[in-house]
Amino acid sequence: MEKVLEQVKQLRKKTYDYGEEVAKSIGVQSNEIPANVFPMIFNKLTLGLELLNYYHEIWRKIIRPKYSTVEEAKKENWERVTTIQRMIFIEVISSIEFCFKEYVKKYPEKIDNIKGCIYLSKIINKSNEKDIAANSESTLWEGIVELRNALVHNNGISDESAEYVYPNCKLILCKNKMIQGDLRLFLNLIDWLLDSVKSWIFEMNKR
């Protein structure tokens, strides 16, 4: 549990630092498109940290009479901790999709007009076509989108079988099965997202 808390703290710092770096590098305020994605993510991580701190206190003060075993208590708290991380992950993706869409709407010439409704997957695919995102990067984004969709629309059950290897974790999807992962899967994916979002913004800014 302590490792989870420490990783969220590190992600908050990384998010803040990236926001300052991006705003300064491309000459905008931190609350302006596209740098504003990082303060938004920072706020989601802050809320998540507050909730995790709350459950950390529960974890340390397990009330025996309420549970038949300490193991059951820890299992329930583990499930809550995972749920909080899942919530943070979904909120982070939502922030990224919103900011990417606003950036593309404001500067359509950078990536060409996207037909129909603008979704994150369409932006990433178009970015791949325009060499803003490499093929390998685009593939990993597919994993992120598939995971988000399964969590939001299908109770965490995947519609496909696939494996995505990120720098710090592996995402394995099995068709018609609940997505499984270790206690820090969502945080590791957020870590990768921060790097990828910063890279995407810098590449878009060159256009």
Side-chain angles (χ1 to χ4, degrees), residues 7-8 10-49 85-153 164 166-169 171 185-207:
Q7 187 170 5
V8 176
Q10 292 172 358
L11 288 174
R12 285 176 76 247
K13 183 180 185 307
K14 184 174 183 176
T15 302
Y16 178 83
D17 291 343
Y18 276 11
E20 294 294 302
E21 178 186 352
V22 168
K24 182 177 180 181
S25 296
I26 67 177
V28 299
Q29 298 297 314
S30 60
N31 63 342
E32 294 180 324
I33 296 172
N36 61 335
V37 65
F38 293 105
M40 291 178 68
I41 295 174
F42 182 89
N43 289 337
K44 308 302 183 185
L45 289 168
T46 299
L47 175 59
L49 182 61
Q85 292 181 73
R86 180 173 66 184
M87 177 202 73
I88 299 171
F89 174 79
I90 292 171
E91 290 290 328
V92 166
I93 298 298
S94 179
S95 297
I96 293 171
E97 182 163 31
F98 172 78
C99 291
F100 275 24
K101 286 165 64 175
E102 292 302 303
Y103 192 16
V104 168
K105 290 176 184 177
K106 186 173 182 179
Y107 303 106
E109 71 281 359
K110 289 179 176 286
I111 201 171
D112 290 344
N113 290 324
I114 297 176
K115 296 180 180 179
C117 296
I118 301 175
Y119 298 113
L120 180 60
S121 57
K122 287 186 177 182
I123 294 174
I124 297 303
N125 289 338
K126 183 65 71 171
S127 297
N128 186 24
E129 293 176 11
K130 304 293 289 185
D131 294 325
I132 297 169
N135 287 333
S136 58
E137 190 90 346
S138 180
T139 299
L140 295 181
W141 273 103
E142 288 177 8
I144 294 290
V145 172
E146 176 62 27
L147 175 59
R148 188 272 303 270
N149 290 344
L151 293 172
V152 173
H153 303 298
Y164 302 92
Y166 297 84
N168 54 0
C169 65
L171 174 61
L185 172 65
F186 294 116
L187 299 183
N188 287 332
L189 292 175
I190 291 172
D191 193 13
W192 176 83
L193 279 166
L194 292 173
D195 293 337
S196 188
V197 167
K198 185 178 79 166
S199 175
W200 185 85
I201 291 173
F202 281 155
E203 288 300 316
M204 283 285 284
N205 190 61
K206 295 175 183 177
R207 303 285 158 160

_Test log, rule side chain to side chain donor-acceptor pair (under 3.5 Å), inputs N43 and E91_ = CA-CA 10 Å; N43 289 337; E91 290 290 328; over 6 Å; no
Check the pair E137 / S196 against side chain to side chain donor-acceptor pair (under 3.5 Å), numbers first and verdict last. CA-CA 8 Å; E137 190 90 346; S196 188; 2.5 Å; yes
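Aromatic ring pairs are classed by plane angle as parallel below 30°, tilted from 30° to 60° and perpendicular above 60°; the pair W141 and F100 is tilted.
Here the side chains of K126 and I132 are not in contact, with every heavy-atom distance at 4.5 Å or above. Put simply, the side chain of P39 does not reach to within 4.5 Å of the side chain of N31, judged on heavy atoms. Residues N149 and V145 meet the side-chain proximity criterion, which asks for heavy atoms closer than 4.5 Å. Side-chain atoms of L171 and E146, non-hydrogen and from C-beta on, never get closer than 4.5 Å to each other. Using a 4.5 Å heavy-atom threshold, the side chains of L189 and C169 count as touching. Annotation: side chain of P34 is in contact with side chain of I26 (closest heavy-atom distance under 4.5 Å). The closest side-chain heavy-atom distance from I111 to S127 is below 4.5 Å. The shortest side-chain heavy-atom distance between N128 and I124 does not fall under the 4.5 Å cut-off.
Closest non-hydrogen pair, L151 versus R86, comes out as CD2-CD, 3.3 Å. Between R148 and I93, the shortest heavy-atom contact is NH1-CG2, 3.4 Å.
For the side chain to side chain contact (heavy atoms under 4.5 Å, CB included) test, residues two or more places apart in sequence or in another chain that qualify with E32 are V28, Q29. F42 pairs by the ring pair (Phe, Tyr, Trp, His ring centres under 6.0 Å) definition with nothing, not counting sequence neighbours. Applying the side chain to side chain contact (heavy atoms under 4.5 Å, CB included) criterion to D191, with sequence neighbours excluded, gives L11, K14, N168. Evaluation of the side chain to side chain contact (heavy atoms under 4.5 Å, CB included) rule for K198 yields Y18, E21, V22, F38, F202 as partners, not counting sequence neighbours. Scored by the salt bridge (charged side-chain N to carboxylate O under 4.0 Å, His left out) test, R12 finds no partners at all (sequence neighbours excluded). Not counting sequence neighbours, the partners of Y107 by the ring pair (Phe, Tyr, Trp, His ring centres under 6.0 Å) test are Y103.
A donor-acceptor contact closer than 3.5 angstrom is absent between the side chains of E142 and S121.
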